[in-house]
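A quick write-up on the structure given underneath.
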2 protein chains.
Amino acid sequence: MARKRFDDSSCSVARALNEVGDWWSLLVVLHAMYGTRRFVDFQQELGIARNILCDRLARLVDNEVLKKVEVGEHGSRFEYRLTEKGRDLFPIVIALRQWGDKWNPAPDQEPLDLRDRETGRTIRPVEVQDADGKPLTVRDVFVPEENNARSPSGSKKKAG
Amino acid sequence: MARKRFDDSSCSVARALNEVGDWWSLLVVLHAMYGTRRFVDFQQELGIARNILCDRLARLVDNEVLKKVEVGEHGSRFEYRLTEKGRDLFPIVIALRQWGDKWNPAPDQEPLDLRDRETGRTIRPVEVQDADGKPLTVRDVFVPEENNARSPSGSKKKAG
DNA sequence: TGAATCTGGTTTTAAAATGCAACCCTATTC
DNA sequence: GAATAGGGTTGCATTTTAAAACCAGATTCA
């Protein structure tokens, strides 16, 4: 019996992971954010098996993270473009990259230096903040009682 | 041939996903953030198979996301606690949760209401910001040329 | 003392997922 | 009209996964 599904889980993290929580999906989204749009380009950049790439692209399209656009270039060609939902994964991808850079730095690679297109200045680390922008750690927060009941996940029983 | 590994990938997102990018690992981390520490508690809360839980806990300990602590309670009991590296996944987990709440809301569940322990006020959505705290989308940023060469991933060849 | 129980695992078995290579079809270029 | 590129699909061997059974040390219960 293979992978469990979490489509109907009451935990939104589980539901999110259901859509982008496997090895390749988030890397596809990452590359899409950097401008990749074509099947062959994803395939070559990621070194992913073609059938797996097909499956992931189709699933991301199903989940409306990507949209498949026919481009009239010459002949029948397609592009996979991020939707707003897909672009909304930006903080997650960047946070993951920063975490990777911080805790598993590649010896021969300086960390990502992403900059504001307007000002040219480096972005800051992605963090959880209170309403005023004060950074918060996991120890600084709590879940109010009404919510606490089914928190954090509630995925008690098998969902597949 | 099963899953490819990215341990030595030059892409820090790939390396991050190598450690916490599978179905269960991040859910384990999530529950750890909410206070779960014991094997049986993880098992019951997540509904995960015990062998998979063993494997994930061991891998997370190997990767120093969790540490296994012997607690002298009575007999040989263990607790799995987040390390600083593990707690540093907080923004990622929260961003994922917010994304799930926003784009795949559960009909019967209001979104996570996480609050600052001090002020009692709700946290804001996790976002990418410039140095001043101005929110940035994927379209607002660029990678300077020196970095751009091997960006975004560079994981061209098979790594496993 | 000894049976039941709790905790934290390991083993076994079957169904899926993955990776690779080979094949297919359309359209295009030489 | 042969070779090539884009975008897939199919088959097969290898891994992972899920579920449940089994195991072993320590503890409580009777």
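Being a predicted model, the structure only gives us computed values, none of them experimental. Chain letters run A, B, ... following the sequence lines, proteins first and then strands; every chain starts at 1.
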Anything under 3.5 Å between a protein N or O and an N or O of nucleotides 6-10 of chain D, put it in a table, one pair a line.
from	atom 1	to	atom 2	distance (Å)
D:dG7	OP1	A:Arg38	NE	3.3
D:dG7	OP1	A:Phe78	N	2.9
D:dG7	OP1	A:Phe78	O	3.1
D:dG7	N7	A:Arg50	NH2	2.8
D:dG8	OP1	A:Lys68	NZ	2.5
D:dG8	OP2	A:Tyr80	OH	2.5
D:dG8	N7	A:Arg50	NE	3.2
D:dG8	N7	A:Arg50	NH2	3.0

> Quick one: B:Leu53 CG to C:dT11 C1', roughly how many Å, whole number?
Replying inline: 16 Å

>> Measure CD1/A:Ile52 against P/D:dT14 and give the value in whole Å, please.
In response: 17 Å

> What is the distance, rounded to the nearest whole Å, between atom CG of B:Asn18 and atom P of D:dT16?
Replying inline: 12 Å

>> Given 3.5 Å as the limit, does a donor-acceptor pair link the side chain of A:Glu45 with the main chain of A:Thr36, or not?
In response: no

>> Please determine whether a side-chain nitrogen of the Lys or Arg among A:Lys85 and A:Glu19 lies less than 4.0 Å from a carboxylate oxygen of the Asp or Glu.
In response: yes

>> Without decimals, in angstroms, what is the distance between B:Arg59 CZ and C:dG9 P?
In response: 16 Å

> Can you tell me if the side-chain N/O atoms of B:Trp24 get under 4.0 Å from OP1 or OP2 in D:dT17?
Replying inline: no

> What is the minimum heavy-atom distance between A:Leu53 and A:Phe39, and which atoms define it?
Replying inline: CD2-O, 3.4 Å

Pairs under 3.5 angstrom only: tabulate donor-acceptor contacts from the side chains of residues 121-128 of chain A to other protein residues two or more places apart or in another chain.
from	atom 1	to	atom 2	distance (Å)
A:Arg121	NH2	B:Asp132	OD2	2.6
A:Thr122	OG1	A:Asp113	OD1	2.9
A:Arg124	NE	B:Asp130	O	3.4
A:Arg124	NH1	B:Gln129	OE1	3.3
A:Arg124	NH2	B:Ala131	O	3.0
A:Glu127	OE2	A:Gln129	NE2	3.0

> Which atom pair, heavy atoms only, marks the closest approach of A:Arg117 to B:Phe142?
Replying inline: CA-CD2, 3.6 Å

> Through what angle, rounded to 10 degrees, does the axis of the helix from C:dT1-D:dA30 to C:dC30-D:dG1 turn between its ends, using five pairs per end?
Replying inline: 0°

>> Quick test of your reading of the model: are B:Lys134 and A:Glu118 salt-bridged, counting only N-O distances below 4.0 Å?
In response: yes

>> In whole Å, I'd like the distance from the CD atom of B:Gln43 to the P atom of D:dA20.
In response: 11 Å

>> Determine whether a donor-acceptor pair (N or O, by modelled atom type, separation under 3.5 Å) exists between the side chain of B:Arg115 and the backbone of A:Pro144.
In response: no

> How close or far is atom P of C:dG19 from atom CD1 of A:Ile48, stated in whole angstroms?
Replying inline: 7 Å

> Hey, are A:Arg59 and A:Asp55 close enough for a salt bridge, meaning a charged N less than 4.0 Å from a carboxylate O?
Replying inline: yes

